[in-house]
Amino acid sequence: MLPAILLYIVIFLYGIVIGSFLNVLIYRIPNKENIVTTRSHCMNCGYQLRWYDLVPLFSYLALGGRCRKCKAHVSVQYPVIEALNGALYLLVFWKFGMSVDSLVYCLLFSALLALSVIDFRTYEIPVGFNLFILTLGLIHCVCHYTNWLDYLIGFLCVSVFLYYVTGGRAIGGGDVKLMAVCGLLLGWKLIIFAFLLGCIIGSVIHLIRMKVSGEGHVLAMGPYLSAGVAIAVLWGNEFLQWYLNFYL
């Protein structure tokens with residue numbers, strides 16, 4: 001029991017460290033800032049953060065969510081993204097154990113989390129995220145090469161449908177590419193499930209936002225499609241088996 005608890009603590013800590021890097025991507029990529037050479041700094045006063053200001057979660061809590069120098073409020077996004085990424089890593093390892101699949105899915109979830117925030121704010125999915133997920137999909141295909149046809153169909157089925165049936169008008173090009181690379185990773189059954197679920201989640205949430213906050217008709221689909229993909233990874237097979245049991 002104790003070794004398992006220690007392992008999950010390490011996984012969570014690893015997750016929040018990656019979550020801290022995701023915050024860098026979320027802020028800098030839309031602003032065309034270098035994600036490697038530019039040092040982390042306060043958005044208000046420009047104070048260059050020291051290593052002890054950058055400890056994920058703990059620095060935010062220790063400083064009360066304020067800049068050490070100018071005392072300006074730091075966005076709550078930072079600890080939320082860090083904690084959420086850590087929690088997702090725990091879910092993945094709880095579900096799939098110590099395996100290559102767990103590593104691939106953790107990295108997938110991190111990419112989906114970062115691109116969702118960027119797409120929600122800018123209505124654009126940076127191409128680098130889709131290329132990264134494509135790489136994960138190829139690695140996953142190599143590890144499960146006997147099912148290569150399922151993954152190839154998954155790469156094409158939703159993305160080709162979206163591209164040719166909607167003509168690129170009903171959904172953005174970045175979303176089409178996202179469904180393609182995620183389909184390569186999940187296979188055709190799970191990517192169809194993820195797409196349908198993402199559309200349902202997006203429709204419900206956006207209708208609520210339109211009613212409550214007067215949001216416009218245009219919505220960023222990336223966050224909702226990403227949620228569908230994440231749920232499909234974690235529980236998609238169980239749901240499909242439950243659904244098929246009604247007809248068997």
Find out whether K177 and I125 are in side-chain contact, i.e. whether some heavy atom of one side chain is under 4.5 Å from a heavy atom of the other. no

Expected output: side-chain D119 to main-chain E124 donor-acceptor under 3.5 Å: yes

If you compare all heavy atoms of D175 against all heavy atoms of G222, which two are closest, and at what distance to 0.1 Å? OD1-N, 3.5 Å

F12 atom CZ, neighbour heavy-atom count above 12 within 6.0 Å: yes

Evaluate side chain to side chain contact (heavy atoms under 4.5 Å, CB included) for K189 paired with D150, printing each intermediate quantity in order. CA-CA 8 Å; K189 294 178 184 177; D150 285 345; over 6 Å; no

How close do G19 and E82 get, heavy atom to heavy atom, and via which atoms? C-CG, 3.8 Å

Shortest non-hydrogen pair, L186 vs A232, comes out as CD2-CB, 3.9 Å

Atom pair SG (C157) and CD1 (I192), whose distance is rounded to the nearest 0.5 Å: 4.5 Å

Would you call the rings of F195 and F161 parallel, tilted or perpendicular, taking 30° and 60° as the class edges? perpendicular

So do the side chains of L22 and V117 get within less than 4.5 Å of each other, counting heavy atoms only? no

Please determine, by modelled atom types, if Q241 and N237 share a side-chain donor-acceptor pair under 3.5 angstrom. no

State yes or no: do V100 and I11 share one hydrophobic cluster built from I, L, V, M, F, W and Y residues joined by side-chain heavy-atom distances below 4.5 Å, directly or via other members? yes

Would one find more than 12 heavy atoms of other residues, nucleotides or ligands at under 6.0 Å from atom NZ of K95? yes

Between F21 and L25, is any pair of side-chain heavy atoms under 4.5 Å apart? yes

Side-chain heavy atoms under 4.5 angstrom apart, residues restricted to Ile, Leu, Val, Met, Phe, Trp, Tyr: same cluster for L7 and I5? yes

Euclidean distance, L88 CG relative to L84 CG, rounded to 0.5 Å: 4.5 Å

Given Y27, which of I29, N31, V24 fulfils the side-chain contact (heavy atoms from CB on, under 4.5 Å) condition? N31

Sub-4.5 Å side-chain heavy-atom contact between I133 and L112: yes

Where do F129 and A111 come nearest, in terms of heavy atoms and distance? CD2-O, 3.8 Å

How many angstroms lie between CD1 in I231 and CD1 in I201, if you round to the nearest 0.5 Å? 4.0 Å

I'd like to know whether L185 forms a side chain to side chain contact (heavy atoms under 4.5 Å, CB included) with V181, so could you lay out the CA-CA distance, the side-chain angles of the two residues, the decisive distance to 0.1 Å, and finally the verdict. CA-CA 7 Å; L185 205 159; V181 295; over 6 Å; no

A side-chain contact here means heavy atoms from C-beta on lying under 4.5 Å apart; do Y224 and L219 qualify? yes

Can D53 and S59 be counted as having a side-chain donor-acceptor contact under 3.5 angstrom? no

Where the side chain of K71 meets the backbone of R68, is there a donor-acceptor pair that is under 3.5 Å apart? yes

Shared hydrophobic cluster for W188 and L196 (ILVMFWY, side-chain gaps under 4.5 Å): yes

Transitive ILVMFWY side-chain link M210 to M221, under 4.5 Å: no

Restricting to non-hydrogen atoms, name the atom on N85 and the atom on S110 that form the minimum distance, rounded to 0.1 Å. OD1-OG, 2.8 Å

V76/Y60 under side chain to side chain contact (heavy atoms under 4.5 Å, CB included): CA gap, chis, key distance, verdict: CA-CA 9 Å; V76 73; Y60 184 90; 4.0 Å; yes

Are W242 and F239 near enough that their ring centres are under 6.0 Å apart? yes

Identify whether I18 and V10 are in the same connected component of the hydrophobic contact network (ILVMFWY, side-chain heavy atoms under 4.5 Å). no

Only one of W94, F96, F93, Y89 clears ring-ring contact (aromatic ring centres under 6.0 Å, His included) with Y105; which? F96

Would a 4.5 Å heavy-atom cut-off, applied to side chains only, mark S226 and L178 as touching? yes

Would you give the length of the straight line joining atom CG of L134 to atom CD1 of I139, rounded to the nearest 0.5 angstrom? 10.0 Å

Mind checking the CG-OH spacing from L190 to Y151? Nearest 0.5 Å is all I need. 8.5 Å

Hey, is the main chain of M98 close enough, under 3.5 Å, to the side chain of S102 for a donor-acceptor pair? no

Quick one: does S20's side chain have a donor or acceptor within less than 3.5 Å of a partner on I16's backbone? no

What distance separates N23 CG from S75 OG, expressed to the nearest 0.5 Å? 8.0 Å

Indicate the ring-plane relationship of H140 and H144, choosing parallel, tilted or perpendicular according to the 30° and 60° boundaries. tilted

OH (Y52) with more than 12 external heavy atoms under 6.0 Å: yes

Non-hydrogen atoms of V229 and L108 that approach each other most closely: CG1-CD2, 4.2 Å

